[in-house]
Engineer: 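This structure is in structure tokens; I'll ask about it shortly.
Lettering of chains follows the sequences in order, A, B, ..., and the numbering in each one begins at 1.
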There are 2 protein chains.
Amino acid sequence: MTVATKLRTTVQRSTILEEVRRSHDHPTAEEVHRRVRRTVSNVSLGTVYRNLAVLDRAGEIRQIHLMGEPARFDGEVQPHHHVRCSRCGRVEDVAASIGARLTEEAAAATGYRIDEHRIEFTGLCPTCRRRGGS
Amino acid sequence: MTVATKLRTTVQRSTILEEVRRSHDHPTAEEVHRRVRRTVSNVSLGTVYRNLAVLDRAGEIRQIHLMGEPARFDGEVQPHHHVRCSRCGRVEDVAASIGARLTEEAAAATGYRIDEHRIEFTGLCPTCRRRGGS
DNA sequence: GTACATGCAAAAAGTTTGCCGACTC
DNA sequence: GAGTCGGCAAACTTTTTGCATGTAC
């Protein structure tokens, strides 16, 4: 599971990384903990938090913060964005191609050197749309 | 200070609203509390939180959540986005005209009915750029 | 063997809530 | 006067940290 150079490989760390990579539903730390415990029955929540932070710093995973929710983690580290369904709460990826020129536009508008941007869309997912209105 | 229809006008509530409206630095609840206390010396932090929530629901202010930080509040309720300087931490507004077509693009890409989007840019502000590097 | 990682439990940080007296309408 | 609101303090949720022990390299 190829952890970045300086990191030690421990059962806990590699299991946590694998779990985040295979989860496509953007789990919270607590959800990761629950899932990892199926394999490593005694991992502590503290270790999960510590490793999620380490892996985030190492660029192996990403952390996302949506409005008023606990942090979620994402094994997809390529640039992309998120949509959250306001009815069922699911969070899905949105291709990074959306808003490709945003960086230049924002740099021109603000004078900042823009390094990154994250977009959080909110709406109704196809399933909830079928079940009717907002 | 024109509070939406159903809300009662109390010294605490209107001071909190005024304070958020006049602050252009996106204060946290604790910062709002500190500032409001200059006028209403005994206002409690609980009241500040309650009123920020009420005013947010009433559409009088907005709440913003940036990566790994406590919630911040914004008296500007018209659509707009935010940039945060990764060196000095300041948060500034970015005009909503940026990314005007994002809603349609995201709707087409995901099948969601998109209701809203928020963009968080990260970079270096002009001042920090002058002082050199990342 | 040394530095780093883990488990555990306690603590911190941020936010919400229950209770009751006080104030707005 | 009825229903809201505010102060206070306790509770809750999420995340971080200290410490002693264990493990990877």
Side-chain angles (χ1 to χ4, degrees), chain A residues 1-20 26-58 60-74 89 91, chain B residues 1-20 26-58 60-74 89 91:
Chain A
M1 16 71 285
T2 319
V3 177
T5 22
K6 296 305 181 66
L7 303 185
R8 284 193 182 170
T9 302
T10 64
V11 180
Q12 291 89 336
R13 180 162 297 163
S14 32
T15 309
I16 289 167
L17 177 53
E18 268 169 29
E19 195 54 56
V20 174
H26 309 88
T28 62
E30 202 133 9
E31 282 157 3
V32 173
H33 183 221
R34 193 175 312 119
R35 291 173 197 179
V36 167
R37 249 190 316 192
R38 297 197 290 241
T39 313
V40 189
S41 53
N42 63 329
V43 240
S44 72
L45 182 56
T47 294
V48 170
Y49 270 106
R50 256 189 294 236
N51 277 300
L52 289 170
V54 164
L55 292 167
D56 179 38
R57 269 181 246 122
E60 298 288 330
I61 64 174
R62 288 179 98 192
Q63 211 173 337
I64 65 185
H65 286 261
L66 307 179
M67 291 292 308
E69 292 190 341
R72 288 165 172 260
F73 297 85
D74 195 337
V91 174
Chain B
M1 21 67 291
T2 319
V3 177
T5 21
K6 295 305 180 65
L7 304 185
R8 285 194 181 167
T9 302
T10 64
V11 181
Q12 291 88 335
R13 181 163 296 164
S14 33
T15 309
I16 290 167
L17 177 53
E18 269 169 28
E19 194 54 56
V20 174
H26 310 88
T28 61
E30 202 133 5
E31 282 157 3
V32 173
H33 182 221
R34 193 174 313 119
R35 292 173 197 180
V36 168
R37 250 192 313 193
R38 298 198 290 241
T39 314
V40 189
S41 53
N42 63 329
V43 74
S44 73
L45 183 55
T47 295
V48 170
Y49 271 107
R50 253 188 297 236
N51 277 300
L52 289 170
V54 163
L55 292 167
D56 179 39
R57 267 181 248 121
E60 297 288 330
I61 65 174
R62 288 180 98 193
Q63 212 173 335
I64 65 183
H65 286 261
L66 306 179
M67 291 292 307
E69 291 189 343
R72 288 166 172 260
F73 296 86
D74 196 338
V91 174

Engineer: Using whole Å, what does the distance between atom C1' of nucleotide dT17(D) and atom CG of L45(A) come to?
Structural biologist: 13 Å

Engineer: With heavy atoms under 4.0 Å as the rule, sort V54(A) into base, sugar-phosphate or nothing.
Structural biologist: nothing

Engineer: With a 3.5 Å cut-off and just heavy-atom distances, do the side chain of R13(B) and the base of dG6(D) make a donor-acceptor pair?
Structural biologist: no

Engineer: Please check the phosphate of dT6(C) (OP1 and OP2 only) for any side-chain N or O of T47(A) closer than 4.0 Å.
Structural biologist: no

Engineer: Using atom CG of L55(B) as one end and atom C1' of dC5(D) as the other, report the distance to the nearest whole Å.
Structural biologist: 13 Å

Engineer: Select from F73(B) and V11(B) the residue whose nearest nucleotide in DNA chain C is closer to the 5' end of that strand.
Structural biologist: F73(B)

Engineer: Can you work out whether A29(B) or N42(A) has the more 5'-proximal nearest nucleotide on DNA chain C?
Structural biologist: N42(A)

Engineer: Taking only N and O in the side chain of Y49(B), is any of them less than 4.0 Å away from OP1 or OP2 of dT15(C)?
Structural biologist: yes

Engineer: What integer distance in Å separates H33(A):NE2 from dT14(D):P?
Structural biologist: 14 Å

Engineer: In the structure I gave you, are the side-chain heavy atoms of L7(A) and L55(A) within less than 4.5 Å of one another anywhere?
Structural biologist: yes

Engineer: Between R35(A) (side chain) and E19(A) (backbone), is there a donor-acceptor pair under 3.5 Å?
Structural biologist: no

Engineer: So does T28(B) get a backbone contact from the side chain of E31(B), meaning a donor-acceptor N/O pair under 3.5 Å?
Structural biologist: yes

Engineer: Find out whether R72(B) and Q63(B) are in side-chain contact, i.e. whether some heavy atom of one side chain is under 4.5 Å from a heavy atom of the other.
Structural biologist: no

Engineer: Does dG6(D) have OP1 or OP2 under 4.0 Å away from a side-chain N or O of T10(B)?
Structural biologist: yes

Engineer: Taking OP1 and OP2 of dC25(C), is either one under 4.0 Å from a side-chain nitrogen or oxygen of T9(B)?
Structural biologist: yes

Engineer: Does a side-chain N or O of N51(A) approach OP1 or OP2 of dT6(C) to a distance below 4.0 Å, or not?
Structural biologist: yes

Engineer: What's the NE2-C1' distance between H65(A) and dT13(D), to the nearest Å?
Structural biologist: 15 Å

Engineer: Measure CZ/R57(A) against C1'/dT15(D) and give the value in whole Å, please.
Structural biologist: 13 Å

Engineer: Assess whether one donor atom and one acceptor atom, taken from the side chain of R50(B) and the base of dG18(C), lie less than 3.5 Å apart.
Structural biologist: yes

Engineer: Nearest to the side chain of P70(A), heavy atoms from C-beta on, is which of dC8(D), dT15(D), dC25(C)?
Structural biologist: dT15(D)

Engineer: Rounded to the nearest angstrom, tell me the gap between atom CG in L52(B) and atom P in dC5(D).
Structural biologist: 14 Å

Engineer: Below the 4.0 Å mark, does dG7(C) have OP1 or OP2 next to a side-chain nitrogen or oxygen of Q12(A)?
Structural biologist: yes

Engineer: For a quick test of reading the model, state the closest non-hydrogen atom pair linking T15(B) to V36(B) and the distance between them.
Structural biologist: CG2-CG1, 3.9 Å

Engineer: Any side-chain heavy-atom pair from H65(A) and M67(B) closer than 4.5 angstrom?
Structural biologist: yes

Engineer: Figure out the CG/P separation between L7(A) and dC4(C), and round it to whole Å.
Structural biologist: 11 Å

Engineer: Nearest to the side chain of A71(A), heavy atoms from C-beta on, is which of dT15(C), dT15(D), dA5(C)?
Structural biologist: dT15(D)

Engineer: For the pair made of CD in E31(B) and P in dG14(C), what is the distance, rounded to whole Å?
Structural biologist: 10 Å

